Engineer: 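Structure incoming, see below.
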Amino acid sequence: MDMKWSLSELYSSFDSEEFKNDMVSFENSIQHINIWTLENCNNSNNPKEKIETYINFQNEFNDLVNKLYNYAELSTSVDTKNEVASKKSERIAFKLSELAKSSTIFSKWLNSIDDLNSIIEHSPLLKAHSYYLMDLAKNAKFLLNDAEEELMAKMKNSGSDAWSRLQNVLSSNLIVDITINGEAKKFPLSMVRNMAYDKDKNIRKNAYESELKAYDKIAESSAFALNSIKGEVITLSKTRGYESVIQNTLENSRMDKETLDVMLSAMMESLPSFQKYFKKKAELLGHFSGLPFYELFAPVGNVNMHFTLDEARVFIVKNFRSFSDKLANYADNAFAHNWIDSAPMEGKLGGAFCANLHSIKESRILSNFTGSFNDVSTLAHELGHGYHGLCLSKESALNSDYPMPIAETASIFCETIISNAAIASASKEEAFVILENDISSSAPVIVDILSRYLFETELFKRRENGSLSVNELKEIMIKAQNDAYGTGLDENFLHPYMWICKPHYYDASSNFYNFPYAFGLLFSKGLYAKYLKSGDSFTRDYDALLSATGKNNLVDVAKMMDVDLHSIEFWRSSLKLIELDIEKFINMK
Ligand SMILES: [Zn+2]
């Protein structure tokens, strides 16, 4: 049976007194903190008390925003036409941009305090938030003056944010003309892209060709949006004093350049293995000059594993229990208390996500479960995100905010538990299918992600000198795909329009939103390898690691598990696990 999630733990409705009162106190808080910083952050009296006041304010305020914003966003996600909900989201986002000025003033003032370290040492509250405070102070040098920051935050509404909304409207309303069994049809883009998973080869090929043709209609406008967004990003990064956009992204990700470089080198080394996998898959599907792009997600093998939602629950909870009771109980509780919105529905968002509701120590999961093994694995993935939230529930709101690269650790870890369990209990043919499913979801995270990283690097380099034409963007994309996939893909069937298809390129605040996926996958695989070696003692350390992700940089988080992110051996050992799966896959048929 399908499950609808319950949001009444947040609010009973947008008309309820609780919601209205919280909106009022949200808007009042913004006004209050703006006045408070102006009055207090202009002299060096009583710094300890002032910083404590600010930290307490932020923790309380963030929990309030978490509650209000999630209520609006979650309501919209299952009913995208809910105008009341989307207006509330927009209102909250707009009001939040009014905080730019006061947070700039506070950060600069904090950075101007001479003995900040010893002040922090003398207050338990500040000591608990020392990472957050030192990070604010350190990054204050990248802030412009408060009037500029305020102006910029407001200008973004009509600049990069508006371009990004345009791109969203263009791609979500794009209608693809496609002929199926001789009949001309019109489908939305998302449906046509889903045909990449279809059993019928002709449909997959047809869908790919129709998809590429449809992009022609929005290519000019998309290129315009992309050029504008990246142009704004370059101007801002330079004005703030960053050496490059990637430095800016790494600072935001709490990751250092050395980690990125070492990880990328290990990924490049592993490419020949992935190419072998693509070639083998091509052969199995009857292609002899590499895999065409449209076959990347083609199903291989012939089994029909089907799960009801109840069966998925039993399977997940049982196998999570082999890891720990805490993880199993969390998942069981999520099913028992309707934290999941399970089935596809008209007007509901596609895909899947998990929202951690720190303010009420719960989580909500959106999925589009239809019963495939892939759907079970997606549920496990999202429950992993929720478990991460559970491990952070005792931390303050400020100490629960973790950077992008670490975000996929717990989710991929849970996926790995589930797929290993499934392989262990499957028939030979089923095991083959699950293994291939696994590799085909890891391969894009290494190989396609690498192509996106190469594309974005080149895009930023060229954008410094002016806008790029549609043809240039297509050329760079093809070059990036050739460099990453090599002979694994058939060079006559690549995807020159990936820059229209992936929304990540259009988010001005998350540039290079590609390498964090690779980090997440490889960090998580590396931890799983440790788990297999050390067993029970691992579980406790793992929980401690997850609860520390909001108050450390990545190198220090990893050190908690004796992982050295600067050592190429660590990355190689994670990749080795996938390479072994590939060997196994190749030898199975
Ligand atoms: Zn995820």
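Note that the numbering runs from 1 along the sequence shown for the chain. Quick caveat: nothing in here was measured; it's all calculated off a predicted structure. As the structure lists them, so they are numbered: ligands from 1, and atoms in each ligand from 1.
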Engineer: Is K67 close enough and on-axis enough to Y11, meaning under 6.0 Å and within 45°, for cation-pi?
Structural biologist: yes
Engineer: With sequence neighbours excluded, what pairs up with D375 under the salt bridge (Lys or Arg N to Asp or Glu O under 4.0 Å) test?
Structural biologist: none
Engineer: In terms of heavy-atom contacts, does NZ of K361 have more than 12 from other residues, nucleotides or ligands at under 6.0 Å?
Structural biologist: yes
Engineer: For a distance under 2.8 Å, give residue and atom name for each protein N, O or S atom next to the Zn ion (ligand 1).
Structural biologist: H381 NE2, H385 NE2, E408 OE1, E408 OE2
Engineer: Which pairs, with at least one residue in residues 305-327 and sequence neighbours excluded, count as a ring pair (Phe, Tyr, Trp, His ring centres under 6.0 Å)?
Structural biologist: F307-F315, F323-F413, F323-Y531, F323-Y542
Engineer: Between the side chains of H358 and N62, is a donor N or O closer than 3.5 angstrom to an acceptor N or O?
Structural biologist: no
Engineer: My understanding is that only residues two or more places apart in sequence, or in another chain, count here; which of them pass salt bridge (Lys or Arg N to Asp or Glu O under 4.0 Å) with E415?
Structural biologist: none
